[in-house]
Amino acid sequence: MASRRGSSSIVLPSGQTLPSYTRSSEDDDGLPHATKKKMADHLRKYEALFTLTPQRMRIIVEAFKESLELGLSKHGQIVPMIPTYVFGWPTGKETGQYLAVDLGGTNLRVCLVTLQGEGKFEITQSKYRLSEEQKQEDGQKLFDFCAECLKAFIDSNVETGVIEKDQILPLGFTFSYPCSQDRIDHGILIRWTKGFGAPNTEGHDVVEMFRNSLAKNSVPAEVVALTCDTTGTLIASHYVNPKTRIACIFGTGCNAAYMERVGDIPKVADLGIDPDAEIAINCEWGAFDSYEHENLPRTKYDISIDESSNKPGEQAFEKLISGRYLGEILRLIICELIDEGVLFLGQNTYKIEIPYSFDTAFLSLMESDPTDELLMIIGIFNHFFALETTLAERQFFRALAKLVGRRAARLSACGIAAIVSKMGYLDDGCYVGADGSLYNKYPMFAERIHEGLQDIFGEKGKNIVTYHAEDGSGIGSAIVAAMTKARRDAGIYPNL
């Protein structure tokens, strides 16, 4: 049946109903819709706002390098450059059974990892969903939940004979929130990110809190190492692919880790570590350009997201590139055009006016829609927002999604380039293990990073290759636990 939008529906052989849109040759269908020309005019405005030139990227890379250097030289800097007390690369000969617990942004993951040496491993795992309430309730309760899930996991593996009864297994705890560490089995939470707000946790040692919960629930596990997913990703990826020098996460959060010479980290000079030793650095680079906002090209939409976020002024880099915010950037642009009377006149737009209602996954779908009529985009607007769209509008939304997604990837390339340039990896080239929902699922994200690296470095940018990293929070965490146990058993920096 034809609706007021000049659309009708087609019933497919499968029984599915798809809207089909009819067009008259005159000015679209005479209904209050934005015309193709008008949309093109608007698009030019957004192209100017969201396009990053190679020259601008190089300027960002230089500022980024300075931030990294500053973080290594002094404590308490904006990009904190946290020494992880993971010393050197894995040998590949690490073996044995290890537990890994990962408190992520959406799930709690519990793993049993059997390292078999020579870059080989086996993994058994379970995931437990974290509710929004759990992220906000008291911190000790959150760790109690982690301990209860771990106990259930161990018990079920003891029953099936995978874990020996009464065996106390070493555990690697992946906790991907900024912590200050002065040894590997200790970490004071600096601040929650990724939408967590559990009180009585910031300023506390999260390992101690987790150990209390483990003891309370009589869980047969010993926390050996606290790492973040990015450090774990670095170690796991190197275990499997020894040419790896950098690891990055591009997902809900964003971060990078790499291996630094101790002699080039002035702020740990007093620890008495051999200056030629290497230590993994957790950059926490999502904080780059926070507070001052001098280097990143923020639009008014980015500023609006920042000001209404739970941490205004903080995590400036992350807010431009993380999957948590890309959908919201696009939604704010659409809402602005609704307010200006350009889009959806005479339609009820209340659903799309709800903050964070436009998921970043929608951008992925919009960019990868293979149909001429952009049926996927019809579906998104119809199904989630009860809005009808014209082809001109859908083409515009797709182009917008591309601008926002491309800017995120190119800024990500700036971060990688800063580490490559600082460490002198360009000539010999290196692999970058990358993980996270954006890198893995967003169409063309990896290709756009590579394009960005070539825009920054020219032809030599091809020497820097990102690839889908190994599982950092499971395998990586277990390898870090293995490396730490071996190091301490050998009496090497036993207090770190």
salt_bridge([X], [Y]) N-O dist < 4.0 Å:
{"X": "E451", "Y": "R406", "result": "yes"}
{"X": "D302", "Y": "R407", "result": "yes"}
{"X": "R331", "Y": "E328", "result": "yes"}
{"X": "R298", "Y": "D306", "result": "yes"}

Residue pairs involving residues 414-441 (criterion ring pair (Phe, Tyr, Trp, His ring centres under 6.0 Å); sequence neighbours excluded):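 Listed by first then second residue: Y431-Y467.
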
If you look only at pairs with a residue in residues 233-257, which of them pass as a ring pair (Phe, Tyr, Trp, His ring centres under 6.0 Å), with sequence neighbours excluded?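 Sorted pair list: W89-H238, F250-F445.
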
Could you check whether any side-chain N or O of [X] sits under 3.5 Å from a backbone N or O of [Y], counting only pairs where one atom can act as donor and the other as acceptor?
{"X": "T230", "Y": "A257", "answer": "no"}
{"X": "K319", "Y": "E314", "answer": "yes"}
{"X": "R394", "Y": "I378", "answer": "no"}
{"X": "S364", "Y": "F362", "answer": "no"}
{"X": "S322", "Y": "T252", "answer": "yes"}

So which of E367, R448, K402 actually passes side chain to side chain contact (heavy atoms under 4.5 Å, CB included) with P443?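 It is E367, the one option of E367, R448, K402 that forms the side chain to side chain contact (heavy atoms under 4.5 Å, CB included) with P443.
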
Closest approach of N255 to C228 (non-hydrogen atoms, all atoms of both residues):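 Distance-wise, the nearest heavy atoms are ND2-SG, 4.2 Å.
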
Residues forming a salt bridge (Lys or Arg N to Asp or Glu O under 4.0 Å) with [X], sequence neighbours excluded:
{"X": "R44", "answer": "D41"}
{"X": "E307", "answer": "none"}
{"X": "D455", "answer": "R410"}
{"X": "K141", "answer": "E137"}

Does NZ in K127 sit with more than 12 non-hydrogen atoms of other residues, nucleotides or ligands closer than 6.0 Å?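 12 or below, so no.
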
So for atom NZ, which belongs to K37, do other residues, nucleotides or ligands contribute more than 12 heavy atoms lying within a distance under 6.0 Å?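 Counting other residues, nucleotides and ligands, NZ of K37 stays at 12 neighbours or fewer.
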
I need the full list of side chain to side chain donor-acceptor pair (under 3.5 Å) pairs touching residues 48-61, with sequence neighbours left out, sorted by first then second residue.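 As it turns out, there is no side chain to side chain donor-acceptor pair (under 3.5 Å) pair with a partner in residues 48-61 once direct neighbours are skipped.
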
Report all side-chain donor-acceptor pairs from residues 60-74 shorter than 3.5 Å, counting only partners two or more places apart or in another chain.
residue	atom	partner	partner atom	Å
K65	NZ	S421	OG	2.7
S73	OG	E69	O	3.4
S73	OG	L70	O	2.9

Which class fits the ring pair F143 and F210: parallel under 30°, tilted 30 to 60°, perpendicular over 60°?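 Answer is tilted, since the angle falls between 30° and 60°.
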
Which residues pass the ring pair (Phe, Tyr, Trp, His ring centres under 6.0 Å) test with F457, not counting sequence neighbours?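 Here no residue qualifies.
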
Min side-chain heavy-atom separation [X]-[Y] under 4.5 Å:
{"X": "I419", "Y": "W285", "answer": "yes"}
{"X": "L330", "Y": "M366", "answer": "yes"}
{"X": "E393", "Y": "V342", "answer": "no"}

Side chains of R191 and Q315: donor-acceptor distance under 3.5 Å anywhere?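 Yes, because at least one side-chain N or O of R191 sits under 3.5 Å from a partner of the opposite role on Q315.
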
For T174, side chain to side chain donor-acceptor pair (under 3.5 Å) partners two or more places apart: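 By the side chain to side chain donor-acceptor pair (under 3.5 Å) rule, T174 matches S477.
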
I need the full list of salt bridge (Lys or Arg N to Asp or Glu O under 4.0 Å) pairs touching residues 418-440, with sequence neighbours left out, sorted by first then second residue.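 Output for this query lists E260-K422, D427-K460.
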
Using atom types as modelled, flag every donor-acceptor pair under 3.5 Å from a side chain in residues 351-358 to any protein atom, sequence neighbours excluded.
residue	atom	partner	partner atom	Å
E353	OE2	T349	OG1	2.6
S357	OG	K351	O	3.4
S357	OG	I354	O	2.6

